[in-house]
Amino acid sequence: MPQASALLAEPAAGSDFAPLLRRIRAEGLLERRRGWYALTIAANALTLVATGAGIVLMGDSWWTLVLAVPMAVFGARTAFVGHDSGHSQIAGTRRTHRVLGLIHSDLLLGMSYAWWNDKHNRHHANPNHIGKDPDVGVGALVWTRRQAAQREGFARWLTRHQARLFFPMLLLEGLNLKVSSVRDLKRQEVGERRVEATLLTLHLLGYVTLLLSSMSLGKALVFALLHHALFGLHLGMVFAPNHKGMEMPDPHGERWGHLRRQVLTSRNVRGGPLTDWFLGGLNYQIEHHLFPNMPRPHLRRAQPIVRAYCRAAGLSYAETGLVDSYRQALGHMHDVGAPLRTG
């Protein structure tokens, strides 16, 4: 098996990423894992059906609220399948990936597949690039001191305290994802809009029918709020460690190549199978960004190859524990708001 240092001596074909890509392909790590995904999708679907059945059987009881936990957790697993569909990790055709994405995102979650894909692909193209990556644009939170300096009124107060408010704000993210999905429909072409609007409506009708046929209006509202709060918190805990506090390239500076652009702006999270499951494989963020169409179960196998290659190339490879990843992300948010607390 060739070593990373030997790979660096191979013809780069105009890119320092090319030798690594050849190695990954030679290992078969870009080949589809249809069986693995079929089992994953089936197991997740059965769990969601069982949760829905549990809601019906438990009926109009406050104990039914306990089922908001598995509905949120396995809803996140549903989102991971939609994410992997958007990256063409699962099947062999674009059409199949779109169908899988529409089912898992629009129908099962009430989230627009087209909206997520557009936003997420722009993030992958230029991670942590101000003005190019929508994930570091100005919103409820800001990511640079320059952005913070322009905040006024309530937004300025929010930025001063954004680190301590981050996790509480994630409790609103589940609802925000659905609102953003509906707003995006007007951007879409007519045919795409019709399909997504239909599936989003079916999701809403199915969700409301499940809750109101099983419990009183008051309990249904509490269940829906708790479910979406936990769902948003879970997804936020997955995505927060990946890039926050990592390099943010100067939009007017030197243009980075693919290898440097993806590695220096991403952070991996150490862990075993439980971490992989909880974070949907996105704890291998560096590998995922370098090879976005790599099937999820191959990311762990690719990690030692990528780590060794980066070490041989003299490129920093960020990897830390889950708790420390949150500490670093929150530390960055706290630092961004520092001038507003002292000014």
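What you are looking at is a predicted structure, and each value in this text was computed from that prediction instead of being measured.
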>> Does anything in residues 20-55 form a ring pair (Phe, Tyr, Trp, His ring centres under 6.0 Å)? List the pairs, not counting sequence neighbours.
In response: none

> Does Arg25 CZ have over 12 foreign heavy atoms under 6.0 Å away?
Replying inline: no

> So, Gln285 side chain and Leu282 main chain: donor-acceptor pair closer than 3.5 Å or not?
Replying inline: yes

> Within the side chain of Thr209, is there an N or O that forms a donor-acceptor pair under 3.5 Å with the backbone of Gly206?
Replying inline: no

Mutual orientation of the aromatic rings belonging to [X] and [Y] [parallel < 30°, tilted 30-60°, perpendicular > 60°]:
| X | Y | answer |
| --- | --- | --- |
| His203 | Tyr207 | parallel |
| Phe154 | Trp157 | parallel |
| Phe291 | Phe17 | tilted |
| His83 | His124 | tilted |

>> According to salt bridge (Lys or Arg N to Asp or Glu O under 4.0 Å), does anything in residues 102-116 pair up with another residue at least two apart or in another chain? List the pairs.
In response: none

> Do any pairs count as a salt bridge (Lys or Arg N to Asp or Glu O under 4.0 Å) and have a residue in residues 32-47, sequence neighbours left out, and if so which ones?
Replying inline: none

> Without hydrogens or angle criteria, can the side chains of His123 and Asp133 be said to hold a donor-acceptor pair below 3.5 Å?
Replying inline: yes

> Going by atom types alone, do Thr201 and Thr198 pair a side-chain donor with an acceptor below 3.5 Å?
Replying inline: no

>> Working to the nearest 0.5 angstrom, can you tell me the gap between Gln89 CD and Leu30 CG?
In response: 10.5 Å

> How about Leu48 and Arg77: do any of their side-chain heavy atoms sit closer than 4.5 Å?
Replying inline: no

> Taking all non-hydrogen atoms of both residues, which atom of Lys132 and which atom of Pro134 are closest, and how far apart?
Replying inline: O-CD, 3.4 Å

>> Ignoring hydrogens, what is the shortest heavy-atom contact between Glu196 and Ser112? Give both atom names and the distance.
In response: OE1-OG, 2.7 Å

Using the ring-ring contact (aromatic ring centres under 6.0 Å, His included) criterion, which residues pair with [X]? Sequence neighbours excluded.
| X | value |
| --- | --- |
| His97 | none |
| Trp256 | none |
| His129 | none |

> So among Arg300, Arg301, Gln303, which one has a side chain to side chain donor-acceptor pair (under 3.5 Å) with Tyr284?
Replying inline: Arg300

